[in-house]
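Here is the naming used below: chain letters follow the sequence lines, and residue numbers restart at 1 for every chain.
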Protein chains: 2
Amino acid sequence: MTAPPNGSSHDLAHPQEQDLDLTQVLFALSDPGRLEIVRQLRDGPVEMAQCNLADPTVAKSTKSHLFKVLREAGVILNLPKGRGRLLSLRREELDRRFPGLLDAVLDAS
Amino acid sequence: MTAPPNGSSHDLAHPQEQDLDLTQVLFALSDPGRLEIVRQLRDGPVEMAQCNLADPTVAKSTKSHLFKVLREAGVILNLPKGRGRLLSLRREELDRRFPGLLDAVLDAS
DNA sequence: TCGAAGGTTCAAGTATTATCGAACCATGAC
DNA sequence: GTCATGGTTCGATAATACTTGAACCTTCGA
């Protein structure tokens, strides 16, 4: 097969802005580990490999799961970049859909 | 025993403002049923007996549990009133502790 | 004092989530 | 190619959370 499947590259599913659900977003943010991740993305995209949790003992499959919950809730974007992945907050979409929510959470002590 | 235990009346525990935890609050709000309750308290205190869920089939013990989660997270106040209970949002405390959060959640579509 | 209304708590079963190792896949470096 | 790096997914198990009936408590009204 010489023809590449076109747009292959492990593409993960992201919900559309219109499908974002408030309770799902709140749930995604309601875990300390996931919240920690979100805070790290506050100032811009971060490569997953550089995105470390306070607890260094957590398995990589567990870490992957945390990202999955955030992605499926529509909180973050997880795109392929080189041999790794680039993570970013879906700020604009979240702000449009739930104005003030993300800032309130990020600003909270 | 003629002497009443003084301040008896089924007093439920409520966390202090300083002990409110963001992730716990977010978790409490991340359930559709609980969110529904919180919305009903938006415009002021409501007696529990008048606080009904969309789904009328839910058992009273289940309902009680929903209120418990909200209370233990510090989202609502649950005080005795007559033979029932009066529920209210802990608005001021939540606003002080997590500015903008409650409004963002309540205003969300 | 008795009964009914309104709620909490307990115990037990069910469902959902978290966690991890192992297997697997893609990319870039060589 | 081959190998190491970086991640995802799967399957299993542990931990949480949800749901409910039963038992119980308190308050109001008769």
TODO: Report yes if the side chains of A/Arg97 and A/Leu22 come closer than 4.5 Å at any heavy-atom pair, otherwise no.
DONE: no

Open item on the list: Can you tell whether the side chains of B/Asp55 and B/Lys63 come within less than 4.0 Å, N to carboxylate O?
Closed with: no

Open item on the list: Reading DNA chain D from 5' onward, which residue's closest nucleotide shows up sooner: A/Gly84 or A/Thr62?
Closed with: A/Gly84

Task: Side-chain N or O of B/Arg83 closer than 4.0 Å to phosphate OP1/OP2 of D/dC25 - done: no

- [ ] Whole angstrom is fine here: how far is it from NZ in A/Lys63 over to P in C/dA18?
- [x] 17 Å

Open item on the list: Can you identify which nucleotide, out of C/dC20, D/dG7, C/dG7, has its nearest atom closest to the A/Ala59 side chain?
Closed with: C/dC20

TODO: Whole angstrom is fine here: how far is it from CZ in A/Phe27 over to P in C/dA15?
DONE: 18 Å

Open item on the list: Looking at B/Asn78, I'd like to know whether one of its side-chain N or O atoms comes within less than 4.0 Å of OP1 or OP2 on C/dG7.
Closed with: no

TODO: Could you check how far NE2 of A/His65 sits from C1' of C/dG21, rounded to whole Å?
DONE: 16 Å

Open item on the list: Does any part of the side chain of B/Leu106, heavy atoms only, come nearer than 4.5 Å to the side chain of B/Arg91, both counted from C-beta?
Closed with: yes

- [ ] Determine whether A/Leu66 and A/Asp31 make a side-chain contact, defined as any pair of heavy atoms from C-beta on separated by less than 4.5 Å.
- [x] yes

- [ ] Kindly give the heavy-atom pair with the smallest separation between A/Leu26 and B/Val105, and that separation in Å.
- [x] CD2-CG2, 4.2 Å

Task: Closest listed nucleotide, where the reference is the side chain of A/Ser64 and the choices are D/dT9, C/dG21, C/dT19 - done: D/dT9

Task: Whole-Å gap separating P (D/dG6) and CG (A/Leu87) - done: 14 Å

Open item on the list: I need the CG-P distance between A/Asp31 and C/dT17, as an integer number of Å.
Closed with: 12 Å

Task: Rounded distance in Å - CD1 (B/Ile76) to C1' (C/dT8) - done: 13 Å

Open item on the list: Should the side chain of A/Ser61 and the base of C/dG21 be counted as holding a donor-acceptor pair, with the cut-off at 3.5 Å?
Closed with: yes

- [ ] Describe the nucleic acid contact of A/Asp55 in one word from base, sugar-phosphate, nothing, applying a heavy-atom distance below 4.0 Å.
- [x] nothing

- [ ] Would you mind reading off the distance between A/Glu47 atom CD and D/dT5 atom P, rounded to a whole angstrom?
- [x] 16 Å

TODO: Mind calculating the distance between CD (B/Gln50) and C1' (C/dA5) to the nearest angstrom?
DONE: 12 Å

TODO: Could you work out which one of D/dT8, C/dA18, D/dC18 sits closest to the side chain of A/Lys60?
DONE: D/dT8

Task: Short side-chain N/O contact to D/dT27 OP1/OP2 from B/Arg85, under 4.0 Å - done: no

